[in-house]
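This report concerns only the one structure given below.
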2 protein chains.
Amino acid sequence: MNYSVSEENYIKSIYHLQQQTATVTTNSLANELKTKPASVTDMLKKLQTKQLVEYEKYRGFKLNANGNKIAINIVRRHRLWEFFLVNKLGFEWDKVHEIAEELEHVSSIELIKRLDIFLNFPQTDPHGDPIPDTNGKIAFIKQLSLAEITVKKNVLVSSVSNQSPEMLEMLKHYHIGIGTSLKVTRHFTFDGSVEIKVSQYPSCIISEQVAKNIFVHHD
Amino acid sequence: MNYSVSEENYIKSIYHLQQQTATVTTNSLANELKTKPASVTDMLKKLQTKQLVEYEKYRGFKLNANGNKIAINIVRRHRLWEFFLVNKLGFEWDKVHEIAEELEHVSSIELIKRLDIFLNFPQTDPHGDPIPDTNGKIAFIKQLSLAEITVKKNVLVSSVSNQSPEMLEMLKHYHIGIGTSLKVTRHFTFDGSVEIKVSQYPSCIISEQVAKNIFVHHD
DNA sequence: ATTAAAATTTAGACAAATCTAAAAAAATAT
DNA sequence: ATATTTTTTTAGATTTGTCTAAATTTTAAT
Ligand SMILES: [Mn+2]
Ligand SMILES: [Mn+2]
Ligand SMILES: [Mn+2]
Ligand SMILES: [Mn+2]
């Protein structure tokens, strides 16, 4: 079956909210989609008749197996396009989300198949998020934020959860990108700030707020 | 200003029909867009209030300067995507039109700018049609069909007007593609068929119907 | 010049997606 | 346990794009 742009956006947003809370509320989805609660209720009735969600009045809702499969496929398209935009067209990573938000709705299956080949089967998007494979399998990478990591172990930056231009600017300043190798040298308990050492650059200190948004894994 | 997918499809279709006839009729546009005449009238009123067409009740319509500029920009996007699909993703040229029909509506200006750079500023799409530049200028290539061309001059295939899978199959059989060098060796007046010689291959005869769809220019 | 046919427009309806305002249900506070 | 606040749903309206059927205008034919 084929879904409208609007339906796809709802499905994907439910999926993302479910990563945090098993069951999603009307208000949170309205907020995520920048729409009104009444509109969410309307759409949910439709998604229910289309057998994509489990929904009980006043009780919240979640994607069923079918809805989940479709959501993951949209995520796959989104992230492949983001990879294309950054690695082929040379966009900065803070500029690609909006564009991928449109591209993800182009419906050709063959297109995505060929794009994947063309990009050489990338595993993660420019923000470090995993790209689901054709079967919907998502590689899980155990990752911790810089605020949680133990001291003096070399780690690789695997993803950054805040993808704003402001964050990008700051990360550039610190010479941090996806894949960058670094080491936490100290945690300051007073304000939660963290001292890090990025390759040959002198040590520097980042705030707890920043540290919480940078995720790393051991190499 | 920003236009809906539907508005853009109407604008582009009017543009294409205008290449044949200076002023476009309601029925021909309905036919082109696979919609109903009543829907065309409705949309034309909207395009008129948006200052994109000159329209007089019962008298047909045409794009004004503003509408024309927008149409050409959509054509530009369409053809750049077609080029991408064929030359980067490896699609056959008969499979790309539908997909480009969706991709052309992705609204980012920066996207098309970068795509153009990435593709190295292609001049023509996979069907040999010229790609308008950023300013809307379209390179005009004087071209004649194989049915009209004079005998025994070497010519280059510049475009093919019928882009169906059936035509592609036939062209492949004759080893003809965009850019192929060939020579017309005879015209048969009885049925309008044409004998051609494609590089090292033995001479062959193509029907008038095929000849009329293959356009060439002198090298 | 009438008449018949074809093309175009209008009138009115409908589906999708959205909204505001009011009603209903659930959660929270006293 | 009741009252208050918050969340969610319903009712009803709106916008966009489409359609069918009927009316109007234009074009073609006699
Ligand atoms: Mn989207
Ligand atoms: Mn991403
Ligand atoms: Mn289109
Ligand atoms: Mn083309």
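Nothing here was measured: the structure is a model prediction, and the numbers come from that model.
Put simply, CG on B:L44 is 12 Å from C1' on C:dT9, counting in whole angstrom units. For A:M43 and C:dA16, the CE to P distance is 10 Å, given to the nearest whole Å. Distance, B:D42 CG to C:dC14 P: 16 Å, rounded to whole Å. Taking atom NZ on B:K45 and atom C1' on D:dT15, their separation rounds to 16 Å, with Å as the unit.
Taken residue by residue, residues 49-59 of chain A places heavy atoms nearer than 4.0 Å to DNA chain D at A:Y55, A:K57, A:Y58. Of the residues in residues 2-21 of chain A, those placing a heavy atom less than 4.0 Å from an atom of DNA chain C are A:S4, A:S6, A:Y10, in numerical order. Contacts between residues 32-40 of chain B and DNA chain C, counted as heavy-atom distances below 4.0 Å, involve B:P37, B:A38.
Judged by distance alone, the side chain of B:E148 and the main-chain N or O of B:S145 form a donor-acceptor pair under 3.5 Å. For A:Q20 (side chain) and A:L17 (main-chain N/O), no donor-acceptor pair under 3.5 Å exists by modelled atom type.
Heavy atoms of other residues, nucleotides or ligands lying less than 6.0 angstrom from CD of A:Q19 number more than 12. The number of heavy-atom neighbours closer than 6.0 Å to NZ of A:K62, taken from other residues, nucleotides and ligands shown, is 12 or below. At most 12 non-hydrogen atoms from other residues, nucleotides or ligands lie less than 6.0 angstrom from NZ of A:K212.
Between A:N27 and D:dT8 there is a side-chain N or O to OP1 or OP2 distance below 4.0 Å.
Each of B:H217, B:Q143, B:K142 was compared with B:S158 under the side-chain hydrogen bond (donor to acceptor under 3.5 Å, both in side chains) criterion, and only B:Q143 meets it.
Using a 4.5 Å heavy-atom cutoff, the side chains of A:L80 and A:D116 are in contact. Annotation: side chain of A:I206 is in contact with side chain of A:Y174 (closest heavy-atom distance under 4.5 Å). When side chains are defined from C-beta on, B:L156 does not count as touching B:T180, because their heavy atoms never get closer than 4.5 Å.
Within the nucleic acid shown, B:T41 comes within 4.0 Å of at least one base atom, counting heavy atoms only.
In this structure, B:H127 has its ring center at least 6.0 angstrom away from the ring center of B:H97.
Classification of the A:F84-A:F118 ring pair by plane angle, with boundaries at 30° and 60°, yields tilted.
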